[in-house]
Amino acid sequence: MDFKQQVIAALEPTVSEFLSKEALMNVIEVPKSSDLGDYAFPTFQLAKSLHKAPQQIALDLVAKIDQTAFEKVVATGPYVNFFLNKQTFSEETLKTILKADQNYGDQDLGHGGNVPIDMSSPNIAKPISMGHLRSTVIGNAIAKILTKTGYHPIKINHLGDWGTQFGKLIVAYKKWGSEAAVREDPITNLLNYYVRFHKEDVAHPELDDEARAWFKKLEDGDQEATDLWQWFRSESLKEFQKIYQMLGVEFDSFNGEAFYNDKMAEVIDLLKAKNLLHESQGAEIVDLEKYGLNPALIQKSDGATLYMTRDLAAAIYRKRTYHFVQSLYVVGNEQSEHFQQLKAVLKEMGYNWADQIVHIPFGLITENGKKLSTRQGRVILLEEVLNDAIRLAKAQIKEKNPDLPNQDKVAKEVGVGAVIFHDLKNDRMDNFDFNLEEVVRFEGETGPYVQYTNARAQSILRKSSLSYTLDDALALTDDAAWDILKLLADYPEVIQRALKLYEPSVIAKYSLRLAKQFNKYYAHTRILVDDPQLNARLSLVKSVTIVLENALSLLGVASPQEM
RNA sequence: GUCACAGUGGCUCAGUUGGAUAGAGCAACGGUCUUCUAAACCGUAGGUCGUGAGUUCAAAUCUCACCUGUGACACCA
């Protein structure tokens, strides 16, 4: 039942002269504190047409409207405040959640439409850093939110697996590397070769020529170059998979930059055919002045293609392959101009689906206020952070709950959960300075706080020999339960907002609010007491676990049953 | 210089479409485990919402200007 509609129905007869149903829909709000009521109608807008003080209007309305559907309706200053019938609301809400279980909040907004998501996208032969974490976990959460709302997400890991750096890597490997070392620890050693190359080429610039030559060989399909590239790529991917497994993230495609090599000639032909390509300073560009943008560089003066060309090919490929209804790119905010250009070029090419492309930017992670840079050695390795978090979680378990079974599994769920949740709880556009203590904190507004709340609730359910039934009364009318019930009823709307804004933090913040409210209830109310309300209280506890676990799962965070 | 993003208690951040006394968490101080997991709960203290003007019955929220920080600005991705 839509309780807001009840409020509108009650007001409509008396105010229809001045405000339409739709206007009422927009103007009715939720008071800040539930002491004031569950819905409120501010009377300011009527003051002009009625030539009366808002306070007086509120009093008049309360006297006129039909209050039977509500517990009470009162005028507080210029507001008409509606208090819902707690019994009906409680029964409806709990029944809906218990029946739907993990499907509570599902809604078919997408009708199965395909939505490719470009996410994570690390570079081969380089470690996964905290920067990649953001793209990975934001993309993963958005994918889950899309599934929940009836879309069909396709998670694409657009690997950085092509480019002149592979020429350098081959040169470095042949000069200083060994097969055994790469097999032993691929990322570390490949990165070492790469770093050494950059050190040595200062004194020996001829190394760069060698690297160029090797990359040319790779492009021309030379067997040795291709074999090495293939090997570096697969060894790197094996390493990446370890981290993705820790994070619980899976991909539908690993088609990276190399995949589009044979698809770029067509893009250039298309641009030429549409007369969009212009020569400028030796390079081929698409002019975007009418969009207020810098020109898009399509081809370098030496004939090589660029990031833009590859992304155009990828965008077109994805449209042809997936017939997407939206195409998302979870990529840092520093690249926002690139995506504006990408969309503009596609529009110039006559593709009206360019508007379905959405760049989902996120803020920068810095360390001591400075941008992280692989080349300058300022890297925070994600694997290390995750391992630190797991280790600390394990120590916490040893201290707080030493008899817990499956300690390693729980430590992993809590540690990794803390890292993921920390990344998702704030507005994704916020920059943040990396601070390990902050990331792996288990107290306060953190992932483990939500997990812990759920674990306590689960513990109660385990201890109760009685299980709740849907047939008995589910009415809870006490104030302590009321705030929880209202939050539970909000969940579907929260998911909608997260979807609309592509903002996982909306879910994370909601889970914190619900957990906080439940902890308050837990601290003040005995649940396992054999009285007539026991069934209703257990239903509430069960509903809280359903929603908390679902919210955490949308974020890609596990819900240990004990911790 | 141009564009983008941000500026809310000591620190990190909330604040749906403008609305009722600006909310949390950390840190500080004090209290609560013989009873469902104290990774919790309760309380105290702490704020010119960057600055100035404007729109409005009403502005942290909208508009403009300015200040500060970060990032991007043609042959990297």
Side-chain angles (χ1 to χ4, degrees), chain A residues 25-27 29-33 36 40 42 44-45 47-48 53-54 76-79 81 121 123 158 160 162-165 257 280-285 292-302 304-308 310-311 331-338 340-341 361 363-364 366 369-371 393 396-397 399-401 404 414 418 425-427 429-433 435 437-438 441-446 448-453 455-464 493-494 497 500-501 505-506 509 512-513 515-516 519-529 541 562-563:
Chain A
M25 190 75 191
N26 285 327
V27 85
E29 56 187 68
V30 177
K32 280 186 181 164
S33 156
L36 290 163
F44 305 103
Q45 291 196 11
K48 265 190 188 160
T76 309
Y79 293 87
N81 289 332
S121 311
N123 294 318
H158 190 82
W162 201 252
T164 47
Q165 72 266 30
E257 294 169 8
S280 167
Q281 297 171 33
E284 295 291 331
I285 62 156
L293 294 167
N294 288 324
L297 258 179
I298 302 294
Q299 201 166 28
K300 298 205 275 190
S301 42
D302 66 3
T305 53
L306 285 143
Y307 180 39
M308 179 61 71
R310 216 173 300 269
D311 262 6
V331 178
N333 187 35
E334 65 271 22
Q335 289 188 39
S336 56
E337 190 177 354
H338 167 75
Q340 286 178 29
Q341 291 178 324
L364 215 58
T366 54
K370 281 186 183 163
K371 192 179 172 178
Q396 188 88 325
I397 290 167
E399 188 194 323
K400 310 240 177 197
N401 197 355
L404 181 74
V414 172
K425 88 172 161 179
N426 289 133
D427 191 311
M429 283 302 288
D430 286 356
N431 295 337
F432 76 83
D433 202 62
N435 176 322
E437 290 89 82
E438 192 117 327
R441 179 162 273 157
F442 301 141
E443 288 157 23
E445 295 177 325
T446 64
Y449 173 86
V450 180
Q451 290 174 318
Y452 177 68
T453 310
R456 287 167 116 193
Q458 289 293 358
S459 170
I460 291 178
L461 295 175
R462 271 196 306 276
K463 289 208 163 117
S464 71
E493 210 180 305
V494 168
R497 217 169 86 234
K500 192 174 145 206
L501 302 171
S505 71
V506 169
K509 278 168 195 147
L512 283 170
R513 249 181 295 142
K516 202 173 291 182
N519 277 324
K520 194 171 169 178
Y521 181 75
Y522 181 99
H524 299 287
T525 312
R526 293 285 309 164
I527 293 156
L528 294 176
V529 180
V541 174
E562 287 181 75
M563 62 188 271

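It should be emphasised that the depicted structure is a prediction, and the values quoted were computed from it without experimental measurement. Lettering of chains follows the sequences in order, A, B, ..., and the numbering in each one begins at 1.
- A:Pro78 comes within 4.0 angstrom of no nucleic acid atom, judged by non-hydrogen atoms across all strands.
- Checked against ring pair (Phe, Tyr, Trp, His ring centres under 6.0 Å), A:Phe432 has the following partners two or more places apart in sequence or in another chain: A:His422.
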What nitrogen or oxygen pairs link the protein and nucleotides 71-73 of chain B at under 3.5 Å?
unit_1, atom_1, unit_2, atom_2, d
B:rA72, OP1, A:Lys371, NZ, 3.2
B:rC73, O2', A:Asn294, ND2, 2.6

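- For A:Asp427, the side-chain contact (heavy atoms from CB on, under 4.5 Å) test picks out A:Met429, A:Asp430, A:Glu503, with sequence neighbours left out.
- Contacts of A:Gln451 with the nucleic acid, taken as non-hydrogen atoms under 4.0 Å apart, are absent.
- Counting any heavy atom pair closer than 4.0 Å across all strands shown, A:Thr366 reaches no nucleic acid atom.
- Taking only side-chain atoms of A:Gln281, from C-beta outward, the nucleotide of B:rA74, B:rA20, B:rA77 with the closest atom is B:rA74.
- Taking the P atom of each, B:rA60 and B:rC73 are spaced 37 Å apart, rounded to whole Å.
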Derivation and outcome, side chain to side chain donor-acceptor pair (under 3.5 Å), residues A:Tyr307 and A:Gln335: CA-CA 11 Å; A:Tyr307 180 39; A:Gln335 289 188 39; 2.3 Å; yes

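- Residue order along RNA chain B, read from the 5' end via each residue's closest nucleotide, puts A:Leu297 first among A:Thr305 and A:Leu297.
- Legend: residues meeting side-chain contact (heavy atoms from CB on, under 4.5 Å) with A:Ala523, ordered by chain and number and at least two apart, are absent.
- At whole-Å resolution of the value, CG in A:Asp427 and P in B:rU8 are 14 Å apart.
- Judged by distance alone, the side chains of A:Asn294 and A:Glu337 do bring a donor and an acceptor atom under 3.5 Å apart.
- Glycosidic torsion of B:rC49 falls outside 90° of 0, placing the base in anti.
- Qualifying side-chain hydrogen bond (donor to acceptor under 3.5 Å, both in side chains) partners for A:Gln458, counting only residues two or more places apart in sequence or in other chains: A:Glu549, A:Gln561.
- Residues passing the side-chain hydrogen bond (donor to acceptor under 3.5 Å, both in side chains) test with A:Ser336: none are found, sequence neighbours excluded.
- Not counting sequence neighbours, the partners of A:Ala40 by the side-chain contact (heavy atoms from CB on, under 4.5 Å) test are A:Glu29, A:Pro31, A:Tyr79, A:Asn81.
- For the P atom pair drawn from B:rA24 and B:rG43, the interatomic distance equals 9 Å after rounding to whole Å.
- Among the atoms of the strands shown, none is found under 4.0 Å from any heavy atom of A:Ala304.
- Residues A:Tyr452 and A:Asn519 bring no donor and acceptor atom of their side chains to less than 3.5 Å of each other.
- Between the CD atom of A:Gln341 and the C1' atom of B:rA77 there is a distance of 13 Å, given to the nearest Å.
- The existence of a salt bridge linking A:Glu445 and A:Lys516 is confirmed by a sub-4.0 Å separation between a basic side-chain nitrogen and an acidic carboxylate oxygen.
- As judged by a 4.0 angstrom heavy-atom cut-off over every strand, A:Lys32 is placed among residues touching the sugar-phosphate backbone only.
- For the pair A:Asp430 CG and B:rU8 P, the interatomic distance rounds to 11 Å; values are reported in whole Å.
- Taking atom CD of residue A:Glu493 and atom P of nucleotide B:rU17, one finds them 11 Å apart after rounding to whole Å.
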For RNA chain B, the dot-bracket pattern of Watson-Crick and G-U pairs whose distances stay under 3.5 Å, | for other-strand partners: (((((((..((((.....[...)))).(((((.......))))).....(((((..]....))))))))))))....

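- Taking OG of A:Ser280 as the start and CD1 of A:Ile298 as the end, the distance is 12.5 Å to the nearest 0.5 Å.
- B:rA27 and B:rG46 have their C1' atoms separated by 12 Å, with the value rounded to a whole Å.
- Considering only residues two or more places apart in sequence or on other chains, A:Ser301 meets the side-chain contact (heavy atoms from CB on, under 4.5 Å) condition with none of them.
- Taking atom CZ of residue A:Arg513 and atom C1' of nucleotide B:rG15, one finds them 10 Å apart after rounding to whole Å.
- Regarding A:Phe44, its CZ atom lies at a distance of 11 Å from the P atom of B:rA58, rounded to whole Å.
- A:Lys425 has its NZ atom 13 Å from the P atom of B:rG15, to the nearest Å.
- In this structure, A:Arg497 atom CZ and B:rU17 atom C1' are separated by 11 Å, rounded to whole Å.
- By the side-chain hydrogen bond (donor to acceptor under 3.5 Å, both in side chains) test, A:Glu438 is found to be paired with no residue, residues two or more places apart in sequence or in another chain being considered.
- A:Ala47 comes within 4.0 angstrom of no nucleic acid atom, judged by non-hydrogen atoms across all strands.
- No contact: A:Leu293 has no heavy atom under 4.0 Å from any strand.
- Mapping A:Glu29 and A:Asp302 onto RNA chain B by nearest heavy atom places A:Glu29 closer to the 5' end of the strand.
- B:rU37 and B:rU44 have their C1' atoms separated by 28 Å, with the value rounded to a whole Å.
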statement: With B for base contact, S for sugar-phosphate-only contact and - for none (protein heavy atoms under 4.0 Å), nucleotides 27-43 of chain B reads --------SBBSBSSS-

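- Comparing B:rG47 with B:rC11, their C1' atoms are spaced 14 Å from each other, to the whole Å.
- Of the P atoms belonging to B:rC5 and B:rU63, the separation is 11 Å, rounded to the nearest Å.
- To the nearest whole angstrom, the two P atoms, one in B:rC26 and one in B:rU21, are 27 Å apart.
- A gap of 14 Å separates the C1' atoms of B:rU55 and B:rU61, to the nearest Å.
- Remark: A:Thr446 pairs with no residue by the side-chain hydrogen bond (donor to acceptor under 3.5 Å, both in side chains) rule, at least two apart or across chains.
- Within 4.0 Å of A:Asp311, counting heavy atoms only, lies no atom of the nucleic acid at all.
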